[in-house]
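Please read the structure below before turning to the comments.
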Amino acid sequence: MKYPTFYRTIQIAGLSIFYREAGPKDVPTLLLLHGLPSSSRMFEPLFARLSDRYHLVAPDYPGFGHSDWPDPKKFAYTFDHYAEIMNHFTEALGLSRYTLYMQDYGGPVGFRMALAHPERIEALIVQDAVAHNEGLGANWKTRRAFWADRAANESALRTNLLSLATTRTRHIGNDPNVDSMTPISGPMNFIFSISPARPTFRAICSTTIDQTWRPIRSGKPGCARSGRACW
């Protein structure tokens, strides 16, 4: 392979952040932000297909994949904090201009990054990262109840968000061609999710979707100048 994938770590704000990197550095950069409960591993097929044309960088957030899993009593697992760390990550790697590829959780993280530094954004690619109330489905009824009363709804949220069945459905949905999909992705993500060392529920515990979308919807200066976007 002309451009192999490298598996690296870098210290950001006292944390070891793991990331995948491939491709030449003198071509456009794609910064790929993963979803829940996955990691940068989800982008391996894209790395194989695109590394000859793009500089690809895919980090694991704190509490995900192979990055550090800090104690939630000492670390704020919020989208705001993730975006701050990811911005520091791009600065440490010298990424001054890039396209944001945002999947699922990558949306609320990446939108915050774009709002903080719109001059860095070449384009936005949004994959299954709903950022407005109208786009949310029935699954979010349980999650909204959790936000309103954590103690009364934590058990239901564990089933709704992190069970093996939910994790498997997240990967295959109702696709009739499951024989074309690797069977390892769902179980691997489930194992990471239930690890005793894993902080529970991460950013979804403290950030509502409306808090994510409001500054973008209101037309905060700089948002419209971010470049191109595709969903």
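Side-chain atoms of T5 and S51, non-hydrogen and from C-beta on, never get closer than 4.5 Å to each other. Residues R41 and D60 form no side-chain contact, since every pair of their non-hydrogen atoms from C-beta on lies 4.5 Å or further apart. No side-chain heavy atom of I121 sits less than 4.5 Å from a side-chain heavy atom of H117. You'll find the side chain of V57 reaches within 4.5 Å of the side chain of L93, heavy atoms only. In this structure, I17 and Q11 have side chains that are not in contact, with every pair of non-hydrogen atoms separated by 4.5 Å or more. Contact of the R120 side chain with the Y98 side chain is registered, since non-hydrogen atoms from C-beta on lie closer than 4.5 Å.
Checked against the 6.0 Å centroid criterion, the rings of Y105 and H34 do not qualify as a close aromatic pair.
Applying the 4.5 Å side-chain rule to ILVMFWY residues, one finds Y7 in the same cluster as F18. Taking Ile, Leu, Val, Met, Phe, Trp and Tyr as hydrophobic and joining them when side-chain heavy atoms fall under 4.5 Å apart, one finds V27 isolated, its cluster having no other members.
By the side-chain contact (heavy atoms from CB on, under 4.5 Å) test, D26 pairs with P24, sequence neighbours left out. The ring-ring contact (aromatic ring centres under 6.0 Å, His included) check on F43 picks up Y101, with sequence neighbours excluded.
Taking every heavy atom of both residues into account, T29 and L95 meet most closely at CG2-CD2, 4.3 Å. Taking each heavy atom of R112 and A83 in turn, the nearest pair found is CB-CB, 3.5 Å. Scanning both residues, L100 and L33, for their nearest heavy atoms gives CD2-CD1, 3.7 Å. Listed here is the closest heavy atom pair of P62 and I85: CG-CD1, 3.9 Å. Nearest heavy-atom pair across P72 and Y77 is CA-CE1, 3.7 Å. In plain terms, the two heavy atoms of I12 and A92 that are nearest each other are CD1-CB, 3.7 Å.
Listed by first and then second residue, the salt bridge (charged side-chain N to carboxylate O under 4.0 Å, His left out) pairs involving residues 27-37 amount to none (not counting sequence neighbours). Note on residues 15-24: pairs passing side chain to side chain donor-acceptor pair (under 3.5 Å), not counting sequence neighbours, are R8-E21, R20-S40, R20-E44, E21-H55.
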Chi angles and distances behind the side chain to side chain contact (heavy atoms under 4.5 Å, CB included) call for T99, Y54: CA-CA 10 Å; T99 290; Y54 296 95; over 6 Å; no
Pair M102-L124, side chain to side chain contact (heavy atoms under 4.5 Å, CB included): steps then yes or no: CA-CA 8 Å; M102 304 177 287; L124 301 175; 4.0 Å; yes
Chi angles and distances behind the side chain to side chain contact (heavy atoms under 4.5 Å, CB included) call for L56, L50: CA-CA 8 Å; L56 305 171; L50 300 178; 4.1 Å; yes
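R97 CZ to T90 OG1: the interatomic distance, rounded to the nearest 0.5 Å, is 13.0 Å. For the atom pair L31 CG and M113 CE, the distance stands at 5.0 Å (nearest 0.5 Å).
A salt bridge does not link D52 to K2: none of the charged side-chain nitrogens sits closer than 4.0 Å to a carboxylate oxygen.
Listed for the D68 side chain is no donor-acceptor partner under 3.5 Å among the backbone atoms of P70. Formation of a donor-acceptor pair under 3.5 Å by the N153 side chain with backbone atoms of A156 is not found in this model.
Residues H88 and E91 have side chains that bring a donor and an acceptor to within less than 3.5 angstrom of each other.
Results of the ring pair (Phe, Tyr, Trp, His ring centres under 6.0 Å) test with Y61 over F79, Y82, F75 single out Y82 as the only residue that passes.
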